[in-house]
Structure formats: structure tokens, C-alpha cells
Amino acid sequence: MKLLIVEDEPKTGDYLAQGLREAGFVVDLARDGLDGLHLAQTGEYDLLLLDVMLPGMDGWTILQMVRRAGQDVPVLFLTARDEVDDRVRGLELGADDYLVKPFAFSELLARVRSLLRRGKAREPEVFRAADLELDLLRRRVTRAGERVDLTAKEFALLELLIRRQGEVLPRSLIASQVWDMNFDSDTNVIDVAVRRLRAKVDGPFTVKLIRTVRGMGYVLESGEDQ
């Protein structure tokens, strides 16, 4: 998924871009309205995150131009303005959601994912790796047809790993996604959680799917090469 952030405040823009990249998104960042409009009209984005008050051109005008061009890309406004009239105006112009600063990054991430789920690309309901299945709707995990009982955190951890199977995930990303916290190198909470998950998912089976990549993180593999 590719996102465009149009935000003129440097620290905010950099923080949002870094956080969303660590969450697995491809992110472009524009610092003013004119650059933002150019990128929005020429790039293929799955979601736009627009500040309202921008140099060169405000977020409302960017939204108007995007909609006039026939682009139905979802738009999330990020703004310090909390006036009802401002929110109504943005929604009437075609915005899909509105988030008032300051906000928690976890809330932003939830809004982004919600908007993307409403989009054209429907995410799969069941993820598979070898004989492992994770059913999102039923919140159910099976391996070789046998039920695997997981805690809520273990399920969230496995969901992250299986969504991005084959990709080595650093501990910092796992910490932000599953625990919504910054990774502290002095804590072993992630290693303990992975060890417990591995005992349930891999322990009884010959083929091991969850692997530690020393000094880098963890990866869930398809099992085809084993």
C-alpha cells in the first residue's frame, strides 16, 4: 500500500512518515500544498493524508482538485483545526475521515487501516503458510487441520508474521505493531512472546515455520524450502 502525506511541519511529517513505513507502508512526503497536489495527481496512491493549513495551497483545495480529476482515492485530513464548520467542509468536499491534532499514532494507524479496508483492494480473510492457516474473521488458527489456541497477543503477532511471510521483521517493528510501544533493547517481551508462539505453532510439527535471524529479527517462512 502506497500513502502520500502532505504536512508542512517538519517534525510531524517525519514522525508520521517513519511510523507508517515501519508499519509496512510505502510513504511519500510533501512539505507544501503545490508539491502535494503534483504528487497526488501523478502518483498511484492508496490513501492521502492531508494537513489543512499548508503553504502554497491548502488541503481543501488539494482535495477539490483531486476529486475534480475523478480520483476516488481515500483522503484523511490531519489538522489542528477542531471547528465543526471546518470538519463539515472537508467532508462535503469529499474527505473520508478527519483526525484532529494532537492524536495518538495508534489511532492514526487504525484510521488508515480502516480507510484502506473500505477501498477497492479487499484483503484476504484467510492467510496460509504451508499447512498453517489463520482465519481473520473467526479468529481461528489451525495447523495441519488441528486447532491452535492462541492468546490475543499471540494471534496479533502471528497475524503480523503471516501477512508479511518471507520478510524479516525487526523487533522494533513488532513492538510498534503488536504492543504499540517503542522497542526497548533491555526488555525481552518480544523474544518471550515469539518463543511461546513458536512452541504452539511449530513445537508439535517437523517443519518449523518461524525462524530467528540473528541480529535482525524474526521471519515466518512458507516451509517449501525445508
Side-chain angles (χ1 to χ4, degrees), residues 1-3 15-27 46-47 49 76 104-119 121-144 146-205 207-226:
M1 291 290 185
K2 187 176 180 182
L3 314 182
Y15 170 75
L16 295 178
Q18 179 181 348
L20 290 168
R21 284 172 184 142
E22 290 181 354
F25 298 102
V26 176
V27 180
D46 297 288
L47 177 68
L49 295 90
L76 171 62
F105 182 78
S106 57
E107 181 180 4
L108 170 70
L109 193 56
R111 300 280 189 100
V112 166
R113 287 175 171 162
S114 176
L115 288 173
L116 291 172
R117 281 196 296 269
R118 296 182 210 167
R122 183 177 177 182
E123 69 175 5
E125 297 172 352
V126 178
F127 291 86
R128 296 180 177 86
D131 55 355
L132 174 69
E133 283 194 2
L134 182 146
D135 189 322
L136 281 176
L137 294 182
R138 297 180 182 179
R139 309 297 290 178
R140 178 187 175 98
V141 175
T142 59
R143 176 120 196 234
E146 298 180 16
R147 179 74 175 265
V148 180
D149 293 319
L150 302 179
T151 66
K153 285 297 184 186
E154 289 167 349
F155 188 94
L157 175 57
L158 180 60
E159 180 184 347
L160 176 63
L161 289 166
I162 202 169
R163 279 180 180 272
R164 301 175 65 171
Q165 61 182 288
E167 180 181 349
V168 179
L169 303 183
R171 290 171 175 80
S172 58
L173 186 146
I174 295 172
S176 66
Q177 292 298 290
V178 179
W179 280 269
D180 192 24
M181 68 178 189
N182 293 323
F183 177 65
D184 182 351
S185 59
D186 292 332
T187 182
N188 66 345
V189 62
I190 295 166
D191 301 311
V192 170
V194 172
R195 186 163 60 247
R196 289 175 178 169
L197 177 64
R198 184 183 279 147
K200 294 181 179 181
V201 170
D202 281 342
F205 302 94
V207 176
K208 310 303 181 184
L209 301 179
I210 301 173
R211 185 167 64 89
T212 302
V213 180
R214 188 175 299 277
M216 298 180 67
Y218 297 98
V219 58
L220 186 143
E221 298 176 328
S222 65
E224 294 175 358
D225 299 328
Q226 300 185 41

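Side chains are part of it too, since the values below use all heavy atoms of this structure and drop only hydrogens, waters and symmetry mates.
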**Asked** In Å and rounded to the nearest 0.5 Å, what is the CG to CD1 distance from L161 to I174?
**Response**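 The CD1 atom of I174 is 5.5 Å from CG of L161, to the nearest 0.5 Å.
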
**Prompt:** Just how far is it from atom CG of L132 to atom CD of E146, taken to the nearest 0.5 Å?
**Reply:**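 One gets 12.0 Å once the value is rounded to the nearest 0.5 Å.
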
**Request:** Inspect the surroundings of CZ in R138 and state if more than 12 heavy atoms from other residues, nucleotides or ligands are less than 6.0 Å away.
**Result:**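 No, not enclosed.
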
Note, [X] side chain near [Y] side chain (heavy atom, < 4.5 Å):
X    : Y    : value
F25  : V112 : yes
V27  : L16  : no
F127 : L158 : no
V201 : L220 : no
Y218 : L157 : no
R196 : V192 : yes
R139 : F155 : yes

**Request:** List in chain and number order the residues that pass side chain to side chain contact (heavy atoms under 4.5 Å, CB included) with E133, two or more places apart in sequence or in another chain; answer none if no residue qualifies.
**Result:**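 Listed in chain order: V126, R128, T142.
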
**Request:** State which residues pass side chain to side chain contact (heavy atoms under 4.5 Å, CB included) with R164; sequence neighbours excluded, sorted by chain then number.
**Result:**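 Side chain to side chain contact (heavy atoms under 4.5 Å, CB included) list for R164, sorted by chain: L160, E167, L169, L173.
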
Using the test side-chain hydrogen bond (donor to acceptor under 3.5 Å, both in side chains), find all partners of [X] that sit at least two apart in sequence or belong to another chain.
X    : answer
E107 : R111
D131 : R143
K200 : E154
T212 : R198

**Request:** Before giving the answer on side-chain contact (heavy atoms from CB on, under 4.5 Å), spell out for R163 and L134 the whole-Å C-alpha distance, their side-chain angles and the decisive distance to 0.1 Å.
**Result:** CA-CA 10 Å; R163 279 180 180 272; L134 182 146; over 6 Å; no

Using every non-hydrogen atom in the two residues, find where [X] and [Y] come nearest and quote the distance to one decimal.
X    : Y    : result
V207 : D202 : O-OD1, 4.0 Å
L109 : A23  : CD1-CB, 3.8 Å
A175 : I190 : CB-CD1, 3.6 Å
F105 : G19  : CZ-C, 3.4 Å
A130 : S222 : CB-O, 2.9 Å
A129 : I162 : N-CD1, 4.1 Å

